[in-house]
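Take a look at the structure set out below.
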Number of protein chains: 2
Amino acid sequence: MNPDVQADLPSVEAPPNEPGPDDVWPLFIQFVLSLKSWWGSVCDDLDITPMQGHALRALDPDRPIAMSLLAESLACEPSNVTGIVDKLESRGFIARQSVGHDRRVKMLVLTDEGKATRTLLRERMETTPEAVAALPATTRKQLATILRDVLISRGALKP
Amino acid sequence: MNPDVQADLPSVEAPPNEPGPDDVWPLFIQFVLSLKSWWGSVCDDLDITPMQGHALRALDPDRPIAMSLLAESLACEPSNVTGIVDKLESRGFIARQSVGHDRRVKMLVLTDEGKATRTLLRERMETTPEAVAALPATTRKQLATILRDVLISRGALKP
DNA sequence: TATTGTTATACTCTATAACTATA
DNA sequence: TATAGTTATAGAGTATAACAATA
């Protein structure tokens with residue numbers, strides 16, 4: 001990844017079109033772009049790729065989940081998950097397990113090392129953007145409500 | 001891109017770890033992931049790749065901008081911008097122009113066709129997420145203020 | 001027949017490094 | 001020497017299609 005970015009949020013030039021006072025959607029888009037570099041640098045520190053990081057983050061430390069569910073969480077095709085899981089498995093972070101009732105399904109479990117790395121990742125992920133953490137609790141709560149409503153209303157999050 | 005996703009926001013399985021009531025940052029991360037598929041499908045409709053779409057969006061219809069500035073807007077290395085611009089140029093969407101005072105710099109201008117496609121893109125980009133558009137104007141304004149403050153506070157947006 | 005995961009393939013995205021042409 | 005953009009390269013991310021094993 002780009003090593004020049006700040007550890008918490010990358011410095012991105014403002015786009016040519018300054019957003020208007022109520023132009024909230026373009027702000028979201030730009031926010032997403034700025035997060036791309038940030039996430040890359042967070043994962044870089046743990047020597048994993050961005051998608052490996054997302055997988056590690058999405059896995060449940062207490063409960064195995066199926067490959068197909070991970071594919072949905074990562075919003076990509078199952079064929080790609082195979083490669084991502086392969087690499088995490090070769091690093092010793094996760095393991096594939098079979099379940100008795102359906103031998104087609106492979107469940108993914110985090111190893112102890114995987115859990116430790118996942119904890120590091122989530123710590124950095126949650127503590128890094130000071131600008132968000134510094135928001136007043138009420139504002140953060142408002143923001144969470146809005147984001148959750150948006151995700152739920154489109155079926156991207158279960159109520 | 002994945003053709004199964006909805007036109008406005010993809011249906012993504014909730015992650016194994018349900019976010020808490022004030023767990024705003026994980027919500028942002030998930031939001032980013034859900035936008036990835038959405039942006040891909042928006043660009044698919046216009047027969048451009050996601051990064052070509054971002055470039056088209058970042059370009060100024062009224063004013064040429066330098067390659068280097070586009071690289072910053074896209075949060076990627078200048079070497080990659082060459083290829084992205086090449087493709088947009090071969091599609092007839094943009095053109096490289098030289099400026100007199102420094103012949104190393106190449107300025108990017110949108111062609112009429114590029115402007116038209118950019119307009120289509122921005123229309124879909126802005127109108128698509130009904131969940132955001134449906135928010136009360138005051139809430140949208142609050143949200144815009146929060147996002148802008150976060151971006152500005154980290155130098156990702158000029159005040 | 002349908003589904004889960006894999007393999008094979010082609011393309012896009014990405015950073016690094018070496019290069020050119022300017023300054 | 002330094003900078004703007006290009007080329008070359010290697011690796012990561014992505015969707016599609018064909019496949020094996022299982023249901």
Side-chain angles (χ1 to χ4, degrees), chain A residues 1-5 10 13 32-33 36-41 43-44 47-56 64-91 94-108, chain B residues 1-5 10 13 32-33 36-41 43-44 47-56 64-91 94-108:
Chain A
M1 291 299 300
N2 187 347
D4 294 330
V5 296
E13 195 72 20
V32 169
L33 273 175
K36 191 176 60 167
S37 303
W38 164 78
W39 182 250
S41 69
C43 292
D44 254 9
D47 198 28
I48 54 179
T49 69
M51 282 308 281
Q52 286 167 24
H54 277 305
L56 218 46
I65 70 166
M67 301 272 296
S68 55
L69 185 60
L70 182 58
E72 286 187 58
S73 288
L74 296 180
C76 72
E77 295 299 310
S79 57
N80 301 315
V81 177
T82 298
I84 294 167
V85 165
D86 279 350
K87 272 160 204 139
L88 287 174
E89 196 175 26
S90 71
R91 287 282 299 271
I94 63 176
R96 286 172 164 97
Q97 278 185 351
S98 287
V99 281
H101 70 281
D102 188 339
R103 295 209 317 235
R104 291 173 303 181
V105 177
K106 289 174 188 168
M107 305 297 278
L108 304 172
Chain B
M1 290 301 300
N2 186 348
D4 294 328
V5 295
E13 196 72 21
V32 169
L33 274 174
K36 190 178 60 169
S37 303
W38 163 78
W39 182 249
S41 69
C43 292
D44 255 9
D47 198 27
I48 54 179
T49 68
M51 283 308 281
Q52 286 168 25
H54 277 304
L56 218 46
I65 70 166
M67 303 271 297
S68 55
L69 186 60
L70 182 58
E72 287 186 59
S73 287
L74 296 180
C76 72
E77 295 299 311
S79 57
N80 300 316
V81 176
T82 298
I84 294 166
V85 165
D86 279 349
K87 271 159 205 139
L88 287 174
E89 196 175 27
S90 71
R91 287 282 299 273
I94 62 177
R96 287 171 164 97
Q97 277 185 351
S98 287
V99 280
H101 70 281
D102 188 339
R103 296 209 318 237
R104 292 173 303 180
V105 177
K106 289 175 189 168
M107 304 297 278
L108 304 173

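Chain A is the first sequence line, chain B the second, and so forth, proteins listed ahead of strands; every chain is numbered from 1.
- The nearest whole Å value for the distance from the CG atom in B:Asn80 to the C1' atom in D:dG13 is 13 Å.
- When distances run from any side-chain atom of B:Met51 to the nucleotides D:dT6, C:dT14, D:dT14, the shortest one goes to C:dT14.
- Protein atom CE of A:Met67 is 12 Å distant from nucleotide atom C1' of C:dT7, rounded to whole Å.
- Here D:dG5 presents its C1' atom at 14 Å from CD1 of B:Ile84, a figure rounded to the nearest Å.
- Taking the charged nitrogens against the carboxylate oxygens, B:Asp86 and B:Arg96 do have a contact shorter than 4.0 Å, which makes a salt bridge.
- Note on A:Thr49: a side-chain N or O is less than 4.0 Å away from OP1 or OP2 of D:dG13.
- Using a 4.5 Å cut-off on side-chain heavy atoms (C-beta onward), A:Leu74 and A:Ile84 make contact.
- If you measure from atom CD of B:Glu77 to atom P of D:dG5, you get 13 Å, rounded to the nearest angstrom.
- In terms of polar N and O atoms assigned as donor or acceptor, the side chain of B:Ser79 comes within less than 3.5 Å of the base of C:dT16 in a complementary pairing.
- Contact between B:Cys43 and B:Gly53 at its shortest, heavy atoms only, is SG-CA, 3.9 Å.
- Taking CE of A:Met51 as the start and CG of A:Leu88 as the end, the distance is 10.5 Å to the nearest 0.5 Å.
- Residue B:Arg96 has no polar side-chain atom (N or O) positioned under 4.0 Å from OP1 or OP2 of D:dA4.
- Counting heavy atoms from C-beta on, the side chains of B:Arg91 and B:Ile48 come closer than 4.5 Å.
- For the pair B:Met107/B:Val105, a side-chain contact is recorded, criterion being any heavy-atom separation below 4.5 Å from C-beta on.
- Protein atom NZ of B:Lys87 is 6 Å distant from nucleotide atom P of C:dC13, rounded to whole Å.
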Please produce a list of atom pairs where a protein N or O lies less than 3.5 Å from an N or O of nucleotides 19-23 of chain C.
{"unit_1": "C:dA23", "atom_1": "OP1", "unit_2": "B:Arg103", "atom_2": "N", "d": "3.1"}

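- Using a 4.5 Å heavy-atom cutoff, the side chains of B:Lys87 and B:Gln52 are in contact.
- Here C:dC13 presents its P atom at 10 Å from CD1 of B:Ile48, a figure rounded to the nearest Å.
- Rounding to whole angstrom units, CD of residue A:Gln97 and C1' of C:dG5 are separated by 16 Å.
- In this structure, A:Trp39 places its CH2 atom 17 Å from P of D:dA12, rounding to the nearest Å.
- Within the structure, a side-chain polar atom (N or O) of A:Ser68 is placed less than 4.0 Å from OP1 or OP2 of C:dG5.
- At the phosphate of C:dT6, OP1 or OP2 sits under 4.0 Å from a side-chain N or O atom of A:Lys106.
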